[in-house]
Amino acid sequence: MKTGHCLTGQYLAWTTRRPDAACWWCQYSIQTREHLFKNCPQWRCQQKTLWTTVLKETKKLPGPTRGRDRTEIAELLADERCSQAVLDFLANTDVRPTGGRRGRRRGQ
């Protein structure tokens with residue numbers, strides 16, 4: 001997931017395992033890590049919890065403070081202080097490196 005080689009619409013379209021890169025949760029035109037962790041309406045509640053926890057944890061320990069609007073997903077995934085929040089987000093959603101719907105749209 002950290003390198004971007006995970007089961008997102010963008011990656012699966014790039015590998016030609018899907019005809020397009022659209023999000024199968026909300027039909028947004030391109031499903032990326034950024035979309036799933038920050039913008040997909042399917043996971044709005046879980047995103048709020050993730051970013052609240054990330055901000056709280058990164059304020060406690062040395063290093064840059066991480067917030068939803070100023071943190072790239074690669075930075076989030078690379079920051080040890082955010083690991084538990086990311087794992088909790090993944091556990092509470094179907095957004096997983098090798099899980100979830102594996103590139104299928106609703107009803108398929």
Side-chain angles (χ1 to χ4, degrees):
M1 183 167 265
K2 188 175 174 181
T3 65
H5 296 129
C6 55
L7 300 180
T8 62
Q10 179 184 40
Y11 179 72
L12 293 172
W14 178 78
T15 63
T16 68
R17 290 171 45 198
R18 279 185 52 90
D20 62 45
C23 179
W24 50 83
W25 301 110
C26 72
Q27 303 308 309
Y28 183 72
S29 62
I30 184 165
Q31 184 190 68
T32 62
R33 296 174 306 168
E34 187 89 6
H35 172 72
L36 293 169
F37 278 78
K38 292 183 177 184
N39 303 310
C40 186
Q42 176 71 23
W43 310 116
R44 189 147 297 143
C45 179
Q46 292 90 343
Q47 291 161 358
K48 182 176 180 178
T49 301
L50 167 70
W51 291 104
T52 299
T53 305
V54 163
L55 184 61
K56 180 178 145 191
E57 292 302 314
T58 59
K59 281 183 174 182
K60 283 195 235 177
L61 299 168
T65 300
R66 304 257 181 235
R68 182 181 180 275
D69 296 331
R70 60 182 179 269
T71 302
E72 298 293 324
I73 299 306
E75 296 170 333
L76 173 73
L77 297 173
D79 192 330
E80 249 180 62
R81 302 170 300 162
C82 304
S83 295
Q84 190 59 54
V86 169
L87 291 171
D88 290 345
F89 175 79
L90 295 173
N92 291 311
T93 65
D94 280 337
V95 176
R96 297 188 178 110
T98 58
R101 293 187 176 202
R102 296 186 180 237
R104 294 180 299 217
R105 290 180 186 244
R106 274 186 201 160
Q108 289 184 330

- Query: Between Gln31 and Tyr11, is there a donor-acceptor pair closer than 3.5 Å when you use the side chain of the first and the backbone of the second?
  - Reply: no
- Side chain proximity check, Asp88 to Thr49, heavy atoms < 4.5 angstrom: no
- Task: Please tell me if the side chains of Gln10 and Asp20 come closer than 4.5 Å, counting only heavy atoms from C-beta onward.
- Result: no
- To the nearest 0.5 Å, atom NE2 of His35 lies from atom CD1 of Ile30 at 10.0 Å
- Note on the structure: Trp51 meets the ring-ring contact (aromatic ring centres under 6.0 Å, His included) criterion, sequence neighbours left out, with none
- Message: Looking at every non-hydrogen atom in both residues, tell me the closest pair between Cys40 and Trp25 and how far apart they are.
- Response: SG-CB, 3.8 Å
- Item | Between SG on residue Cys45 and CG on residue Leu50, distance to nearest 0.5 Å | 11.5 Å
- Enter the distance from Asp79:CG to Arg66:CZ here, rounded to the nearest 0.5 Å. 4.5 Å
- Can you measure from CD (Gln47) to OG1 (Thr52) and round to the nearest 0.5 angstrom? 11.0 Å
- Task: Of all the heavy-atom pairs spanning Lys38 and Thr71, show the shortest one and how long it is.
- Result: NZ-O, 2.5 Å
- Query: What is the minimum heavy-atom distance between Arg68 and Asn39, and which atoms define it?
  - Reply: NH2-OD1, 3.0 Å
- Would you check if the side chain of Arg81 reaches a backbone N or O of Thr58 as a donor-acceptor pair within less than 3.5 Å? yes
- Nearest non-hydrogen partners of Arg70 and Glu75, listed with the distance: O-OE1, 4.1 Å
- Query: What pairs of residues pass the ring-ring contact (aromatic ring centres under 6.0 Å, His included) test when at least one of them lies in residues 76-95, not counting sequence neighbours?
  - Reply: Phe37-Phe89
- Query: Closest heavy-atom contact between Ile73 and Arg33?
  - Reply: CG2-CB, 3.8 Å
- Query: Restricting to pairs with a member in residues 51-62, which pass salt bridge (Lys or Arg N to Asp or Glu O under 4.0 Å), not counting sequence neighbours?
  - Reply: Glu57-Lys60
- For Asp94 and Trp43, work out which heavy atoms get closest and say how close. N-CH2, 3.5 Å
